[in-house]
Number of protein chains: 2
Amino acid sequence: MEEPSEKQYKYAWGIDAAIAVIGGKWKPLILYELRDGTLRFSQILRGIQPKITQRMLTKELRELEKDGLITRKVYPVVPPKVEYSLTEKGLSLMPILDELCHWGYEHMDDEIEFKCEE
Amino acid sequence: MEEPSEKQYKYAWGIDAAIAVIGGKWKPLILYELRDGTLRFSQILRGIQPKITQRMLTKELRELEKDGLITRKVYPVVPPKVEYSLTEKGLSLMPILDELCHWGYEHMDDEIEFKCEE
DNA sequence: CTGTATCCCAAACGATACTG
DNA sequence: CAGTATCGTTTGGGATACAG
């Protein structure tokens, strides 16, 4: 009742879905920023290392929100105040990101150069 | 002695390294193909669902090899015969891919459309 | 059979300026 | 403060033809 190859494809699609959600250049960084709690737009902007532009931060935040990993709360004040935080779904991803991190760290022996040294 | 924010960045870099290695459009599929054992180029080519082109398969295989996830064995015969298989490093990644798959499957409820229906 | 070589298109990303 | 708008560059990827 279980075609192994078929099953594997189904799983591989799941990977694609996951990568679609975290594959953006800055998304893992953003998720890690929000790990410790709610942050405002400017806090995330300043918190991310090799400077991200406002344009990219806005774009990736919108996508993460659309994918249900973070929530966006707008306070109707002036000047504007917007807070971002992880959802349950976003939180559920963090342990896996940790494992990916750990794996990456264990195995990036060779030619993968470090940026982010400033 | 442990700056939490610093630590987080280090880990996030690890994610980037991991994504750089598995983020190619076809790489997860290829790794899953090789999971059950050694395969020839044409076998992988035929095995992957929404048809991958030779160009892309060659390219992604070379990158996976360069990153140490697979090995490439060339038999000096004619017609050519080349076999690919997972390395230890590649194997060590599979459990994490499984978790990513599972997560993707659990959470791709909303608007993520399924391709690959032919 | 296992690749290369071209060409081309679309998406991703970055820089910068502007706005409610 | 928290964004848009616009533009340009770079990267990823597909189609096709050819080669050893």
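In what follows, chains are A, B, ... by sequence order, proteins preceding strands, each numbered from 1.
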Which heavy atom of [X] sits nearest a heavy atom of [Y], and at what distance?
| X | Y | value |
| --- | --- | --- |
| A:R46 | A:K51 | O-NZ, 3.1 Å |
| A:I96 | B:E99 | CD1-O, 3.6 Å |
| B:Y84 | B:R62 | OH-NH2, 3.8 Å |
| A:E33 | A:L39 | O-CD1, 3.4 Å |

Find the distance [X]:[atom1] to [N]:[atom2] and express it as a whole number of Å.
| X | N | atom1 | atom2 | value |
| --- | --- | --- | --- | --- |
| A:M56 | C:dA11 | CE | C1' | 11 Å |
| A:K59 | C:dT16 | NZ | C1' | 18 Å |
| B:R62 | C:dT2 | CZ | P | 12 Å |
| B:E60 | C:dT4 | CD | C1' | 17 Å |
| B:L57 | C:dC1 | CG | P | 14 Å |
| B:F41 | C:dC1 | CZ | P | 11 Å |

Query - Leading and trailing nucleotides of DNA chain D with any atom under 4.0 Å from heavy atoms of chain A - result: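 Span of nucleotides near chain A: D:dC1 to D:dT6.
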**Report entry** Distance-only side-chain donor-acceptor flag, A:T71 / A:T87, under 3.5 Å
**Finding:**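 Judged by distance alone, the side chains do not pair up.
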Report task. Just call it for B:R55: base, sugar-phosphate, or nothing, with non-hydrogen atoms closer than 4.0 Å on any strand. Result ->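 Base, at least one base atom sits under 4.0 Å.
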**Report entry** Sugar-phosphate, base or nothing in reach of B:Y84, heavy atoms under 4.0 Å
**Finding:**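 The residue B:Y84 makes sugar-phosphate contact but no base contact.
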Requested in this report: Compare side-chain N and O positions of A:K25 against OP1 and OP2 of C:dG14 and report whether any pair is under 4.0 Å apart.
Outcome: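 Indeed, a polar side-chain atom of A:K25 lies that close.
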Report task. By nearest nucleotide on DNA chain C, pick out whichever of A:G23 and A:Q54 is the more 5' one. Result ->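 It is A:G23, whose closest nucleotide lies nearer the 5' terminus.
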Requested in this report: Check whether A:I44 and A:Y75 end up in the same hydrophobic cluster, where Ile, Leu, Val, Met, Phe, Trp and Tyr are linked by side-chain heavy atoms less than 4.5 Å apart.
Outcome: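 Cluster IDs for A:I44 and A:Y75 differ.
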